[in-house]
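See below for the structure under consideration.
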Amino acid sequence: MRVLITGGAGFLGSALAHRLVADGHHVRVLDDLSAGNPERLPPEALFTRGDVRDRPKLWTLLQGVQCVFHLAARVSVAESVAYPREYNDVNVGGTVALMEAMRDVGVHRVVLASSGTVYGDQPRQPVDETMRPNPLAPYAVSKIAAEYYVFTLGRLYDIETVALRIFNAYGPGQPIPPVHAPVIPQFLRQALNGGSLVVFGDGTQTRDFVYIDDVVEALISAAMAPDVDRQIINVGSGEEVSINTLVRMIGKITGRRLSVLYNEKQSGGVSRLVANLEKARVLLGYQPRVDLQKGLQKLLAEDDRFRPKQVTETPPNEPT
Ligand code: NAD
C-alpha cells in the first residue's frame, strides 16, 4: 500500500510509520511539527512539513495513496479547555480539509484516530461503542465532531471510513511536556529521578492503558479489514487500572521507594474508564498482547530516557 499518515511525526504516528515501512509499505508523512519530531521517522518514509488544513499540499501528497491514517491533532485534554478554538480549528477543521482533499484526489479509505475520552463519565464500565458519548472537554468534543465528519462526508464522497477510539496509549518515545504530561512517562521519570509522584484526586480513578504496539496493530488492521466502513471501534487493553495501582507497579518495576503526594484539590478526571474490546475483536481480530506489567518493563528496557545512566569510567593509563 501507499499510505499517508497525517501527524506522522508524533508519538503514535512515528511508531506506525516504522511498522508500515518494515512491512514493505510506502509511507508519506505530513506533520506541522507543532509536537512532532521528524527524526523519529524511518529514513524510508517521505516527510513533508505542513499543516493538515493545507489542501493544495494534501492534493500533492494524496496522489496514488490508498489509505490515510489521520492522526494530526492537538492532543491535550487540559490544554483544550484553555484553547477550544485552536482544538476546533485543527481537530475538526483539519479533518474536514482532509476529507475534501481525499474527495478531490479520489482516495477511498481513511482511519481516524479518535479517543476513549469521548465517553466521559458513564453509568457502567467497560464502555462500549453503543454508549452515548459524554464529552467533558473541548478535545473530546473535537474528536466526536471529527468522527461525525468522516462518516458523513465519507458516505457523501464514497470514502470508506473507520474511527478507532484509542484509550490511554503509552510506550517508548512518548513526549513528556512540562505541563499536562501523560501519567506513565511522567511517573516513571519522577520515580527514577527520586522526585515525588503527584497524584490528582485520591488515586482511585481508573484508566485503560494500552501499549503502543497494540495500538499500531489495530490501526493497521483497520486499514486492511473488510466491513468496517463507518464503524467506531474501541482500542484499549481492556485492563482497568487505578492510578494507585499504577503507582505501586511503578515502584515495583523501578525498585524505588516512592514518595507520593496527593493533590486532592485537582480533579483526577472521570472516576472510571475501561474499554470493552468485543467489537475490535470481531471486526479487527484485535487482541491486546502487552499487559501493563509487561508494557512498563518494555518501556524501561527500550526507552533511553528511563535506562539507568551508565557510569563510563575512563580506564587508567597503562604504564608505558
Ligand atoms: P502527538 O502530539 O505525538 O501526535 C500528533 C501529531 O500531529 C504531532 O506530531 C503534531 O506535530 C501533529 N500536528 C498537530 N497539529 C497539526 C496540524 N495542524 N497539521 C499537521 N500536523 C499537526 O500525539 P499522539 O499521542 O501521537 O496522538 C496521535 C493521534 O491519536 C491524535 O489524533 C490523538 O488525538 C489520538 N489519540 C492519542 C491517544 C494517546 O494516548 N496517545 C489516545 C487517543 C487518541
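Both counts, for ligands and for their atoms, begin at 1 and track the order of listing. Fair warning: this is a prediction, and the values are worked out from it, not measured in the lab.
Within a 6.0 Å radius of OH in Y149, other residues, nucleotides and ligands contribute 12 heavy atoms or fewer.
Ion pairing of R272 with E240 is present here, as a side-chain N (NZ or NE/NH1/NH2) and a carboxylate O approach within less than 4.0 Å.
C67 is listed as a side-chain neighbour of V111, based on a closest heavy-atom distance under 4.5 Å.
Sorted by chain then number, the residues whose non-hydrogen atoms approach ligand 1 to under 4.0 Å are G7, A9, G10, F11, L12, D31, D32, L33, S34, A35, G36, G50, D51, V52, R53, L71, A72, A73, R74, V75, V90, A113, S114, S115, Y139, K143, I166, F167, N168, A169.
Remark: Y170 pairs with Y211 by the ring pair (Phe, Tyr, Trp, His ring centres under 6.0 Å) rule, at least two apart or across chains. Take E79 and apply the salt bridge (Lys or Arg N to Asp or Glu O under 4.0 Å) test, not counting sequence neighbours, and it matches no residue. Judged as a ring pair (Phe, Tyr, Trp, His ring centres under 6.0 Å), and not counting sequence neighbours, Y286 has no contacts.
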